[in-house]
Amino acid sequence: MCGIAGFMRYGSAKVQQHELTTLLLNLQVRGRDAAGVAWRTEQKVKLIKAPGPADGFVKLKQFVDIIPEVLDSPYVLLHTRHATHGEPSENRNNHPLMNEKGLIIHNGVVYPEENLSGDSDTDSEQIMLYIQRYGWTGISKLS
Ligand code: GLU
């Protein structure tokens, strides 16, 4: 099952680059199909994700280049994926999953009453879509 971590930063002391990458690398044991990070800037929520294990992800230029921005963020979520629904080679299936109203990372498997229309083939996105359509009680429509 997937690896999930995150941090909220209080005050001005920043998380260090090696702490960010170590956290991701330590999550890799929970899933090697993909890795991803979401963070918040002043204006919006951003994410980066890629198929493959975290030890490759942390070396990607696209990830290395945005590390300073991630470390500036007060909120960061990390995910390493062990896929159950949705082919990891299609990056839209990897976590974080985001649409115009929200973002989710998830560990586990859910079965919705019916599949709502989304951007991925994952069960995880269904959690977000159900909450967005029905509010928090929407979770009761998933087993
Ligand atoms: N079922 C989700 C997916 O395939 C999460 C997988 C997991 O927790 O390993 O993306």
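As the structure is a computational prediction, the values presented were derived from the model and not from experiment. Ligands are counted one by one from 1 in listed order, and the atoms in each one are counted from 1 as well.
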key: Nitrogen or oxygen atoms of Arg81 and ligand 1 under 3.5 Å apart   = yes
remark   = Near His82 (heavy-atom distance under 4.0 Å), the atoms of ligand 1 are 6 (C), 7 (C), 9 (O)
key: ligand 1 atoms in contact with His85 (distance to a heavy atom under 4.0 Å)   = 4 (O)
query = Taking N or O atoms only and a 3.5 Å limit, does Thr122 qualify as a polar contact for ligand 1?
reply = no
query = Under 4.0 Å from any heavy atom of Asn107, which atoms of ligand 1 are there?
reply = 8 (O)
ask   = Between Glu125 and Asn93, is any side-chain donor less than 3.5 angstrom from a side-chain acceptor?
value = no
query = What residues join Ile48 in its hydrophobic cluster, counting side-chain heavy atom gaps under 4.5 Å, either direct or through other members?
reply = Phe7, Val15, Leu20, Leu23, Leu24, Leu25, Leu27, Val37, Trp39, Phe57, Val58, Leu60, Phe63, Ile66, Ile67, Val70, Leu71, Val76, Leu78
task = State, with a plain yes or no, whether a side-chain heavy atom of Asp33 is found less than 4.5 Å away from one of Glu87.
result = no
inquiry  = Under 4.5 Å side-chain heavy-atom separation, chaining through any Ile, Leu, Val, Met, Phe, Trp or Tyr, what else clusters with Val64? Say none if it is isolated.
reply    = none
remark   = Near His95 (heavy-atom distance under 4.0 Å), the atoms of ligand 1 are 3 (C), 10 (O)
note = of all protein heavy atoms, closest to atom 4 (O) of ligand 1 is Thr84 N, 2.8 Å
query = Going by the atom numbers of ligand 1, which of them fall below 4.0 Å from some non-hydrogen atom of Asp123?
reply = 1 (N), 2 (C), 3 (C), 4 (O)
ask   = Does an N or O anywhere in Ala83 fall below 3.5 Å from an N or O of ligand 1?
value = no
query = When rounded to the nearest 0.5 angstrom, what is the spacing between NZ in Lys141 and CD1 in Ile127?
reply = 15.5 Å
Interatomic distance, His79 atom NE2 to Cys2 atom SG [nearest 0.5 angstrom] = 3.5 Å
inquiry  = At less than 4.0 angstrom from any non-hydrogen atom of Ser124, what atoms of ligand 1 do you find?
reply    = 1 (N), 2 (C), 3 (C), 5 (C), 10 (O)
key: Protein contact of atom 7 (C) of ligand 1 - nearest heavy atom, named by residue and atom, plus distance   = Cys2 SG, 2.6 Å
query = Is any NZ, NE, NH1 or NH2 atom of the basic residue among Arg92 and Asp121 found under 4.0 Å from an Asp or Glu carboxylate oxygen of the other?
reply = yes
key: Basic-acidic side-chain contact under 4.0 Å: Lys46, Glu69   = yes
remark   = Closest to atom 5 (C) of ligand 1 (heavy atoms only, candidates Ser120, Ala34, Gly108) is Gly108
